[in-house]
Amino acid sequence: MVRTNSNSVITEQYRTIRSNINFSLPSEDMKTILFTSPSKEEGKSTTSSNMAIVYAESGKRVLLVDADMRRPTLHHTFKMSNRLGLSNLLIKKGRLQDTVKKSGIPGLDLLMCGQIPSNPAELLDSEAMDGLMNLMKEKYDLIIFDSPPILAVTDSKILANKCDGTVLVVNTGKTEKEKVIKARDALTTSKAFIIGTVLNNYQVSKKDDYYQSYTS
């Protein structure tokens, strides 16, 4: 949405989320943000992709990482090959600078999932992942991770503990409150810093029509 319709209400909301995240971060040194959701199909991948673009638009050097090594989607979103990516780097097959891809958007690079491994949780919890994240921080201003749903597998709990902040994406009107509470508790147990929640698919009321006119 941000790439194809930069003046839409939805695009402006992504920019608002960017501002809210910036205001919520306790330190400018925070460089890694994880996007996850309680369950599948809540919009976390769409949200993380659009957020990566709006951060790149603000002048930051951004790396968007597909850390969902079970059901990767980033290569579909940007219509690129998934032959090489994060999983390859974690088994020491390749270098970061050779594996990342240009998105076509100034300031935004992409790291696909790569070949789906049999042990994603173990790879994410490895010293290789810690070293790779340190290298990413040297080369980029901000690294955004798109991860699996936190209630489905342990991968996101591991990443939430490693990242500076976590954003929980919730599908408005569909996600059960109980699952949101469980997701929050899982992040708390992981000692994650929860930045906030994105309410995806929120229906704007008619009284907000003036906003559409303002941004068109």
Side-chain angles (χ1 to χ4, degrees), residues 1-37 42-68 72-80 85-86 89 96-97 99-113 124 129 132-148 150 156 159-170 187 192-202 211 215:
M1 177 59 70
V2 173
R3 189 176 187 181
T4 59
N5 194 345
S6 61
N7 293 321
S8 72
V9 172
I10 296 175
T11 296
E12 194 59 34
Q13 290 306 304
Y14 284 120
R15 294 184 180 122
T16 299
I17 295 170
R18 178 187 64 194
S19 297
N20 290 343
I21 290 175
N22 290 340
F23 292 144
S24 300
L25 295 180
S27 170
E28 291 184 358
D29 294 332
M30 299 186 73
K31 301 185 69 171
T32 53
I33 299 178
L34 175 74
F35 282 80
T36 187
S37 59
E42 300 207 46
K44 64 174 179 58
S45 297
T46 300
T47 301
S48 59
S49 293
N50 281 288
M51 290 306 303
I53 295 173
V54 295
Y55 267 109
E57 286 181 343
S58 71
K60 288 185 177 294
R61 295 172 300 163
V62 181
L63 177 64
L64 176 58
V65 181
D66 192 342
D68 189 341
T73 60
L74 186 62
H75 60 293
H76 292 306
T77 301
F78 286 86
K79 296 180 175 57
M80 294 184 179
L86 176 62
L89 296 178
L96 178 64
Q97 59 266 36
T99 308
V100 297
K101 301 185 179 192
K102 297 296 182 182
S103 66
I105 299 167
L108 176 59
D109 287 350
L110 308 171
L111 180 59
M112 306 302 170
C113 160
L124 293 173
M129 184 64 183
L132 181 59
M133 290 181 70
N134 288 334
L135 182 59
M136 292 174 180
K137 291 177 183 179
E138 293 176 3
K139 296 182 177 295
Y140 295 93
D141 300 318
L142 179 67
I143 304 99
I144 292 178
F145 291 90
D146 175 25
S147 72
I150 193 162
S156 293
L159 282 170
N161 179 262
K162 294 178 181 291
C163 287
D164 299 324
T166 298
V167 176
L168 188 65
V169 180
V170 176
L187 289 170
F193 174 71
I194 304 174
I195 300 173
T197 301
V198 172
L199 297 179
N200 196 31
N201 292 324
Y202 181 80
Y211 191 70
T215 58

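Side chains included, hydrogens not; waters and symmetry mates left out as well; all remaining heavy atoms used. Sequence positions, counted from 1, serve as the residue numbers for this chain.
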So, does [X] use its side chain to make a donor-acceptor pair with the main chain of [Y] at under 3.5 Å?
{"X": "S48", "Y": "S45", "value": "yes"}
{"X": "T32", "Y": "D164", "value": "yes"}
{"X": "T36", "Y": "P148", "value": "yes"}
{"X": "N200", "Y": "V169", "value": "no"}

Working to the nearest 0.5 Å, report the span between [atom1] of [X] and [atom2] of [Y].
{"X": "Y55", "Y": "R15", "atom1": "OH", "atom2": "CZ", "result": "13.5 Å"}
{"X": "L159", "Y": "L124", "atom1": "CG", "atom2": "CG", "result": "4.5 Å"}
{"X": "N50", "Y": "I17", "atom1": "CG", "atom2": "CD1", "result": "9.0 Å"}
{"X": "L132", "Y": "L89", "atom1": "CG", "atom2": "CG", "result": "5.5 Å"}
{"X": "N20", "Y": "Q13", "atom1": "CG", "atom2": "CD", "result": "9.0 Å"}
{"X": "E42", "Y": "L199", "atom1": "CD", "atom2": "CG", "result": "11.0 Å"}

*Matching residue for D141 among K31, R61, K60 - test: side chain to side chain donor-acceptor pair (under 3.5 Å)*: R61
*Decide side chain to side chain contact (heavy atoms under 4.5 Å, CB included) for L86 and M129; before the verdict, give the C-alpha distance in whole Å, the side-chain angles of both, and the deciding distance to 0.1 Å.*
CA-CA 9 Å; L86 176 62; M129 184 64 183; 4.2 Å; yes
Less than 4.5 Å apart, any side-chain heavy atom of [X] and any of [Y]?
{"X": "M133", "Y": "I143", "answer": "no"}
{"X": "D146", "Y": "T73", "answer": "yes"}
{"X": "V62", "Y": "I105", "answer": "no"}
{"X": "D68", "Y": "C113", "answer": "no"}
{"X": "F78", "Y": "L64", "answer": "yes"}

*Applying side chain to side chain contact (heavy atoms under 4.5 Å, CB included), run through T46 and F35 and close with a yes or a no.*
CA-CA 10 Å; T46 300; F35 282 80; over 6 Å; no
*Could you go through the side chain to side chain contact (heavy atoms under 4.5 Å, CB included) check for M30 and F193 one step at a time?*
CA-CA 11 Å; M30 299 186 73; F193 174 71; 3.8 Å; yes
Minimum heavy-atom separation for [X] and [Y], please, with both atom names.
{"X": "M51", "Y": "I144", "value": "C-CD1, 4.1 Å"}
{"X": "L111", "Y": "L74", "value": "O-CD2, 3.7 Å"}
{"X": "K44", "Y": "S37", "value": "CD-OG, 3.6 Å"}
{"X": "T77", "Y": "S49", "value": "CG2-OG, 4.1 Å"}
{"X": "L34", "Y": "C163", "value": "CB-SG, 4.0 Å"}
{"X": "L108", "Y": "A56", "value": "CB-CB, 3.9 Å"}

_Whether D109 and K139 form a salt bridge (side-chain N of Lys/Arg under 4.0 Å from carboxylate O of Asp/Glu) is what I want to check._
no
_Using side chain to side chain contact (heavy atoms under 4.5 Å, CB included), reason through F145 and M136 one step at a time and then give a plain yes or no._
CA-CA 12 Å; F145 291 90; M136 292 174 180; 4.0 Å; yes
